[in-house]
Structures are given as structure tokens and as C-alpha cells.
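Because the structure is predicted, anything quoted here is derived from the model rather than measured. Both counts, for ligands and for their atoms, begin at 1 and track the order of listing. Computed over heavy atoms, backbone and side chain alike; hydrogens, waters and symmetry mates excluded.
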Amino acid sequence: MKTIIVNLGANTYPIYIESSILESAGFLIKRHLPNAKRIFIVTDSNVVKNYLISLKEKITAEGYIVTTKIVKAGEKSKNLNVVTALYNDLVEAKLTRSDAIVALGGGVIGDLTGFLASTYLRGIKFIQVPTSLLAQVDSSIGGKVAVNLPAGKNLIGSFYHPSLVIIDPAVLDTLDPRFFLDGLAEVIKYAFIKDEKLYQKLLAFKDLDNLKENIIDIIYTCCMIKRDIVERDEKDTGERMILNFGHTLGHAIEAVCGYTECTHGEGVAIGMNIVTKISEKLGLTDPGTHRRVITLLKKYNLPLEVPDVNREDLFNAMQIDKKNVDSELNLILLRKVGQAYIYKTDVEFFEGI
Ligand code: GLY
């Protein structure tokens with residue numbers, strides 16, 4: 001089993017990575033939360049059929065009283081109405097401050113459940129059990145929890161860390177191929193912003209199957225990169241912002257497409273391509289970098305071009321983005337592959353896309 005410790009003082013927590021580790025989830029929860037009596041699992045309608053029953057059994061076998069709640073799969077569930085319904089479920093299940101909530105699912109479930117845990121009874125413990133590649137390499141780590149508003153994604157939230165993260169790469173076998181690629185865009189992002197060696201590795205794999213054979217190492221590498229960044233900048237006021245490479249345009253594309261036609265990873269892939277195309281033209285990125293960005297994105301069939309959506313809607317969506325403060329945008333650019341930096345600009349940067 002690979003273990004990574006995220007060192008954040010009183011909020012320090014471990015990330016465990018191992019194929020089929022879900023079999024030991026009850027034992028791990030018992031080890032870290034021996035005083036809890038009740039565990040409340042939140043999952044979604046996609047995950048439920050594969051893992052909920054078995055996880056519930058494993059946790060129950062450790063002597064916990066387990067309650068489960070299934071929310072509708074998809075970004076639309078990440079809202080305050082769903083959270084309110086869940087608060088009532090928690091009260092009904094008699095969860096107290098010494099108990100804990102488990103987030104079993106992808107990024108939506110992790111963000112939603114983390115937000116729920118951060119506010120119920122002024123905060124109770126929670127455990128991340130990410131079941132998508134995106135959640136395993138990014139959203140389950142670092143404590144960003146949030147729900148959406150009609151005006152934009154993740155506009156209500158906080159920093160609230162889990163007590164532990166349990167990553168089982170075997171669950172990716174049942175992931176829809178489109179959502180595997182969704183997470184792969186974030187993996188590629190880590191290579192672009194921080195790790196030239198990872199870039200070379202991803203380029204050298206024969207194909208997607210060959211990459212999947214190495215998925216444990218890939219997840220570990222990404223978690224280590226994110227761990228190091230979060231330890232240096234927990235509250236996202238400096239270096240952590242580089243994790244948003246490709247996200248300004250990516251989030252806007254997702255929002256304008258209604259979160260269904262375009263996955264998060266697809267939006268980010270397009271964002272990484274377009275921003276680097278522009279920055280290299282402006283002399284802000286070393287020559288040849290854009291070519292290298294395209295080469296890797298193309299290798300894994302990720303989209304490159306902005307879809308045929310209303311450009312005014314796209315710019316409005318970028319204006320409301322959290323990264324846009326007083327019309328100043330902290331845009332992430334590449335100096336070269338493996339090195340990112342923050343560039344202060346505004347949404348006019350994207351003019352003409
Ligand atoms: N997903 C970006 C971050 O955690 O900062």
C-alpha cells in the first residue's frame with residue numbers, strides 16, 4: 001500500500017492508495033476514527049450498484065451503525081437544496097459531532113459531502129473515497145469543498161480537510177471511458193505545470209491500456225505533486241493557483257454547455273490548449289511548448305478547440321469565475337512544459353477565440 005501524508009498541522013491526514021483497498025476500508029476507518037459510532041455514506045446513483053453495498057458491509061462489520069444516502073449523479077446535485085435535504089437526513093440518522101460522513105463517488109460527491117460535513121454541527125469528520133480518476137488525482141485532496149450557485153460553479157464553499165482519503169484504483173475498471181479521459185486531462189495538467197518527467201512518461205505509453213497498467217504510479221505521482229503544493233499554499237493564495245491551469249476557459253465552457261455536453265476534463269483540455277496557443281504567440285511561453293501541449297492532448301484524444309457556443313456567454317462565465325478579482329484575472333500560463341506561473345491579466349486575453 002502506498003501512503004502519502006498531507007502535513008497540515010492539526011489537519012494532517014493520510015492518503016492510502018492500493019488496488020482493492022476498499023476491502024479494507026472498514027478497518028482503516030476504525031483505525032482512524034475509533035470513537036465514532038455512526039457513519040453516514042453519501043454516494044450517487046452511478047456508484048451505488050458497484051460499491052455501496054460492499055462498503056456498507058465492511059464498515060458495519062467494524063461495529064458502526066451505517067446509514068446511506070444516494071443522490072442523483074451529476075453536477076446538478078451540487079446545490080444547496082440537496083445539502084439541506086442531506087442535513088435533515090443526518091439529523092434523522094442521529095449523527096453527532098463524534099461521528100463521520102463518507103463521500104463515496106467522484107468530484108461532485110466529494111465536494112458536496114465535504115461541504116455538508118464542514119457545516120453540519122459546525123463541522124464533523126469526513127472521509128474521501130474517490131471513485132473517479134479526476135477525484136483520485138485532484139478533488140479528493142486539498143480540502144476544497146463547495147456547492148454551485150446558478151451564477152457559477154463552486155461559488156459557496158470552504159477549505160475543510162478529510163480525516164483520510166482511501167484511493168482504490170481498481171474501481172476505475174468500471175468507470176465510463178469518457179470519464180476516465182476526464183480525469184486523464186487533470187493528470188496531463190500535472191505534467192504540464194510541474195513534472196516534465198511525467199510528460200515524457202505519458203507520451204511514452206504505447207496506448208491507453210498501457211497507461212492503465214501504470215495507473216497506481218500515475219495516481220501516486222499526481223497526489224504527491226498536489227500534496228506538496230497544498231502543504232506550501234493551503235488556502236490558495238499563491239502557488240496553489242497553478243492547479244487551475246486551463247480552468248478559466250474550461251469552467252466557462254462547462255458552464256455554457258450546461259455541464260453535460262462537455263466534461264470538466266474536456267473543458268480543461270481545451271483551456272490548456274487555447275491558453276498556451278495565445279501565451280506562446282504573445283511571447284509569454286517558450287517557443288515549441290504549444291506543440292508539445294497539443295501532442296500529448298491529441299495522443300489521448302482529448303478535445304482541443306472551443307465548441308460552437310455563444311462567445312458572449314463564454315466571456316460572461318469567465319467574468320464571474322472566482323479567479324477573476326476586481327476584473328483582474330490570475331491566469332496560469334506555462335513557461336515551458338513542467339513549469340507554470342501566474343500571469344495577471346483580464347478576460348480580454350481570450351479575445352478572438
Ligand atoms: N483543484 C484545484 C485545487 O484543489 O486547488
> Is R227 paired with E231 through a side-chain N to carboxylate O contact shorter than 4.0 Å?
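Salt bridge between E231 and R227, a charged N being under 4.0 Å from a carboxylate O: yes.
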
> Do D111 and K144 sit within salt-bridge range, that is, some charged N less than 4.0 Å from a carboxylate O?
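Salt bridge absent between D111 and K144.
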
> Ignoring hydrogens and geometry beyond distance, is a side-chain donor-acceptor pair present between H251 and N244 at under 3.5 Å?
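There is no such pair between these side chains.
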
> List, ordered by chain and residue number, the protein residues whose closest non-hydrogen atom lies under 4.0 Å from any atom of ligand 1.
D138, K144, K226, R240, L243

> Checking T119 against Y87: is there a side-chain donor and acceptor pair closer than 3.5 Å?
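Indeed, the side chains of Y87 and T119 share at least one donor-acceptor pair under 3.5 Å.
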
> State whether K125 and D99 are salt-bridged, where the test is any N-O pair (Lys NZ or Arg NE/NH1/NH2 against Asp/Glu carboxylate O) under 4.0 Å.
no

> For R178, is there an ion pair with E266 - N to carboxylate O distance below 4.0 angstrom?
yes

